[in-house]
Colleague: 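My questions will all concern the structure given below.
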Amino acid sequence: MFEGFSPSSSRATSEMEEGLDRLAIGDGRCSDGFVTITDNGMRKRSHSAAMSAQESHSPALDTLEPHGSKKQRIIGENTPNLVSLPFEILSLVAQYSAGSIHLAQTSRTLRLAVLRILWAEPLPLLAALPLPAAPPLLALVPDTATHSTADTDPLAAHLTRYGHFVRTLAFPDPSSLNLALVIPSLTNLVAVDFGGLEQFLVKDDHILLLLDTCLHLQDLALSDCVCVTDNALLALSHFDGAPMFRRLVLDRCCEMSDSGLVPLLEQTRNLMHLSLNLVPLATAAVTRTVALCCPKLESLALSDCDSLTDESLSWIAQGCVKIENLDLSECMGITEEGIMQFVSELKARRIDISHHGFTKLVLGSTPAITDRSLIALVTGDPSRSFSEVTLSPTTSSKRTLLQLDTLNLSAASNLTFRAMEALGYYISPHRLTTLNLNQTVFQDVTAIPAVTNALVELFKLQKNLESVHMSGGVCGAVEDAVLTSIAEHCNARLDTLDVSEAVNITDAGAHRVARECIQLSNANFKGCSNLTDLTVRSFVPETEAGTSKLRSLNMGLCNKITDASIELLASLCTLDPTGTSPSGLHTIKLSGCFDITDATLHHLASAIQRQHPPNQPHPASGSLRLLCFSGCYKITPLALQTLTYHLPFLESINLYSCPSMNNAAIAQLARACPRLLSLVVSKCPAGDVAAQAIARHCPRLHTLYLSFLSVPPAAGAHLTDMGVRALLEGCRGLKLLDLSRCDALSDEAFEGAGVLGLQVLIVRACPRLTFDGMAAFAARCRRMLTLDVIGCAGIGAGEREQLREIVEGRG
């Protein structure tokens, strides 16, 4: 027990420590650059040492309190008695004490109380709010400038000052931060995820600095950090703590090759989790090194790994016998026989029977997944046959029940209904939590009724399912009977349900799901054309005392939906004045719902306004983050303006083919919603005026669709080179840009200096573009993955192939 703890407060302190184990700045759902910080135990400090530290406190801490004040000395003298107070009272003392920082240096109990104040939720976003006699609650909107300082970037200032408290650090996408300023303060860091930072932000120098500072580092995630190269991996391989690494995530790091991966993996012999999804330069040498040097590996992700072969699988089976989680999705180089051999070798080397089978299998879009190979993987036994499955479970007491909790078979195309029956037979009852059958196609369409029956029986046995994905209607097998089985048996924990394009379901099945699945927060019924307003109304509690967990609803292409049901649905929107925690409905998708009018937008705006306290100086701010009105041709700019006035934190909106959305409407939208990340205004009568407004007000934008803007020139009502240049200059974070069928564009639109982060450019049927212009632009976009110039009259077929080779051959 730490010095300064008292028995009377230990239970309360223990409860608070459990609650403070993950202190979140924001909730991680909004892309605002928040960080998630945990404190899983600080270094023990004796009371005397802490008091010595208090007497020699740093000048940085003096900014919160005049040094040597009377109040400070009194608190210091009475600190040992404070810890005997109940934790709730102790928190109040810390909140109103000018010496909070010095209290935090005294004991772990007081440190937890003070941290609760310093990292209070929700933190204000727009400005610092200094409180009398208390530390200021700093804003957490990072400065987008690359060379920000602690004075200009409040997030950097906060992490610089309190970084030594941080043990786990993660950044939701996308964030910007001066890492060179912050990393030296993170001396106790154990785990860090840089995957949410801007794509080109993390460089080799930052990794080197991290290794010099964070001597206890065990967990490193670098997903999408495309500027991190083999040099950083070589430095990691020489890091004294490399043998203690437990987790490495290097997904989509396109500059990493065998030269860095192999030496690093040779040193990480205690590694338990490795993710190498889509690392294009990795070869079979990497998988062989994994097999030889990572015997404790429990989780391995190799999605879209071109170098993975049957021989590679055999190596892994021989060296990594503890694997329980396996991702082989989109691996085209393996075969059914290779998987069978993999399972056979793995079984032969596993002595402990508890290791038979996997707990997580991700096998989407892999042709080698057949009935035979799937059952072998699921059971961990290549000798299993379908003859067992025909027996009743009550008469097959010797069958092996498996602990699989996650199964992804999305886009599988070589399965039959027997595979579905086998899953219900072999997986332990109530074990499965995640099932993904998106776009799964069964070979024998005449057996679809059998698939329906297999799904009904599967859901009867899996009441703990939390996430079910059956987009595409599982080849027509998803009917009301399947939804009824889900509603009856999976209603306690189901959080996400995707049955988009399940054209056979009706209101009867959807109504039961909406009413009975009390934890459902994400529902996707897109393309379920039989559904009506009744399904939407079913998500709204019948009484005022009722509650709904619904956060996202997709009714796209359900063209029987009208304004009437949205009026009720709008009641699920809540206020979110800071933009940190949208607790109510945050996503509504109504694409192709042609009966939607301005009334829907007014209903949503009114629902937000009604909850706003009177006499407030600021307008009501709603929880909505994503809106899709694609094809809703009856909505007008005035109604959109009324709604977006209450949505300053809106992140994505789709207005495709809304004929009233002109330059003025889109410019107003850009001003009202400066935090937009994704915008679709294709087939709208807009042009340069709209493009310039977007460039000026939406610097965070990463996805923009501006295609089919080829109306006759009139007062800026068409898109020209000037508008595109403004976008490329103002929206430096753009990753995807679609300018197809914008007839007025020429090579001059893409001229300029400096490197751009654009990954996908679609300029189909732009007749004035040439090979030279596109090749020059591709050179500026060093991370470009796709350049689509199909239909460009100025670029021949041979030149299109050359552009493809330029883009795809730079690795």
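Here, residue 1 is the first one in the sequence, and each next residue gets the next number. When reading the values below, keep in mind they use all heavy atoms of this one structure, side chains included, and skip hydrogens, waters and symmetry mates.
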Colleague: Could you check whether Ser707 and Ser682, counting side-chain N and O atoms only, form a donor-acceptor pair closer than 3.5 Å?
Modeller: yes
Colleague: Within the structure provided, determine whether Ile588 and Leu626 are in side-chain contact (heavy-atom separation under 4.5 Å).
Modeller: no
Colleague: Hey, does Cys792 have a side-chain heavy atom less than 4.5 Å from the side chain of Arg800?
Modeller: no
Colleague: Let's go through Asp772 and Thr770 carefully: what are the C-alpha distance in whole Å and the side-chain angles of both, what is the deciding distance for side chain to side chain donor-acceptor pair (under 3.5 Å) to 0.1 Å, and is it a yes or a no?
Modeller: CA-CA 6 Å; Asp772 291 339; Thr770 69; 5.3 Å; no
Colleague: Does any non-hydrogen side-chain atom of Phe771 lie less than 4.5 Å from one of Leu803?
Modeller: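 Touching, per the 4.5 Å side-chain cut-off.
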Colleague: Which atom names give the shortest non-hydrogen contact between Asp230 and Met256, and what distance separates them?
Modeller: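 Closest approach of Asp230 to Met256, heavy atoms only: OD1-CA, 3.4 Å.
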Colleague: Assess the residue pair Leu197 and Leu179 against the criterion (side-chain contact (heavy atoms from CB on, under 4.5 Å)); give the C-alpha distance rounded to whole Å, side-chain angles, the decisive distance to 0.1 Å, and a yes or no.
Modeller: CA-CA 10 Å; Leu197 291 172; Leu179 291 176; 3.9 Å; yes
Colleague: Keeping the roles fixed (side chain from Asp304, backbone from Asp306), state whether a donor-acceptor pair exists under 3.5 Å.
Modeller: no
Colleague: Any side-chain heavy-atom pair from Val789 and Leu787 closer than 4.5 angstrom?
Modeller: yes
Colleague: Return yes if a side-chain donor-acceptor contact under 3.5 Å exists between Gln439 and Ser471, otherwise no.
Modeller: yes
Colleague: Between Ala726 and Gln692, what is the shortest heavy-atom contact and its length?
Modeller: CB-CG, 4.1 Å
Colleague: Answer yes or no: is there a side-chain heavy-atom contact under 4.5 Å between Leu676 and Glu651?
Modeller: no
Colleague: Looking only at heavy atoms, which two atoms of Ile608 and Ser621 are closest? And how far apart?
Modeller: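 Between these two residues, the closest heavy atoms are CG2-C, 4.1 Å.
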Colleague: Ignoring hydrogens, what is the shortest heavy-atom contact between Leu181 and Pro184? Give both atom names and the distance.
Modeller: O-CD, 3.7 Å
Colleague: How about Ser500 and Asp498: does a side-chain donor come under 3.5 Å of a side-chain acceptor?
Modeller: yes
Colleague: Might you confirm whether atom NZ of Lys526 has over 12 heavy atoms from other residues, nucleotides or ligands at distances under 6.0 Å?
Modeller: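 It does not: Lys526 NZ has 12 such atoms or fewer within range.
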Colleague: Just jot down the ring-ring contact (aromatic ring centres under 6.0 Å, His included) partners of Phe750, sequence neighbours excluded, or say none.
Modeller: Phe777
Colleague: Considering only heavy atoms from C-beta outward, does the side chain of Thr587 approach that of Leu585 to under 4.5 Å?
Modeller: no
Colleague: I'd like to know whether Leu159 forms a side-chain contact (heavy atoms from CB on, under 4.5 Å) with Leu177, so could you lay out the CA-CA distance, the side-chain angles of the two residues, the decisive distance to 0.1 Å, and finally the verdict.
Modeller: CA-CA 10 Å; Leu159 286 174; Leu177 188 68; 4.1 Å; yes
Colleague: Would the distance check show the side chain of Arg780 and the main-chain N or O of Ala753 forming a donor-acceptor pair, the cut-off being under 3.5 Å?
Modeller: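 Yes; at least one donor-acceptor contact below 3.5 Å.
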Colleague: Are side-chain heavy atoms of Val228 and Lys203 found at a separation under 4.5 Å?
Modeller: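 A side-chain contact under 4.5 Å is absent here.
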Colleague: Would the distance check show the side chain of Arg700 and the main-chain N or O of Pro674 forming a donor-acceptor pair, the cut-off being under 3.5 Å?
Modeller: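 No, Arg700 side chain to Pro674 backbone: no donor-acceptor pair under 3.5 Å.
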Colleague: Would you kindly say whether Thr636 and Ser660 are connected by a side-chain donor-acceptor distance under 3.5 Å?
Modeller: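 There is no such pair between these side chains.
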Colleague: Phe708 ring centre to Lys683 NZ or CZ under 6.0 Å, with the angle to the axis within 45°?
Modeller: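 Flagged: Lys683 positioned over aromatic ring of Phe708.
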Colleague: Identify the two heavy atoms, one from Ala749 and one from Arg725, that lie closest to each other, and give their separation to 0.1 Å.
Modeller: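 So the minimum-distance heavy-atom pair works out to O-CG, 3.3 Å.
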Colleague: What are the two closest non-hydrogen atoms of Cys593 and Cys632, and how far apart are they?
Modeller: O-SG, 3.7 Å
Colleague: Within the 4.5 Å heavy-atom criterion, are Asp743 and Pro767 side-chain neighbours or not?
Modeller: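 Sidechains of Pro767 and Asp743: in contact.
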Colleague: Within the distance-only criterion (no hydrogens, no angle test), does the side chain of Asp251 pair as donor or acceptor with the backbone N or O of Ser223 below 3.5 angstrom?
Modeller: no
Colleague: Under 3.5 Å, is there a donor-acceptor pair between the Asp788 and Thr786 side chains?
Modeller: no
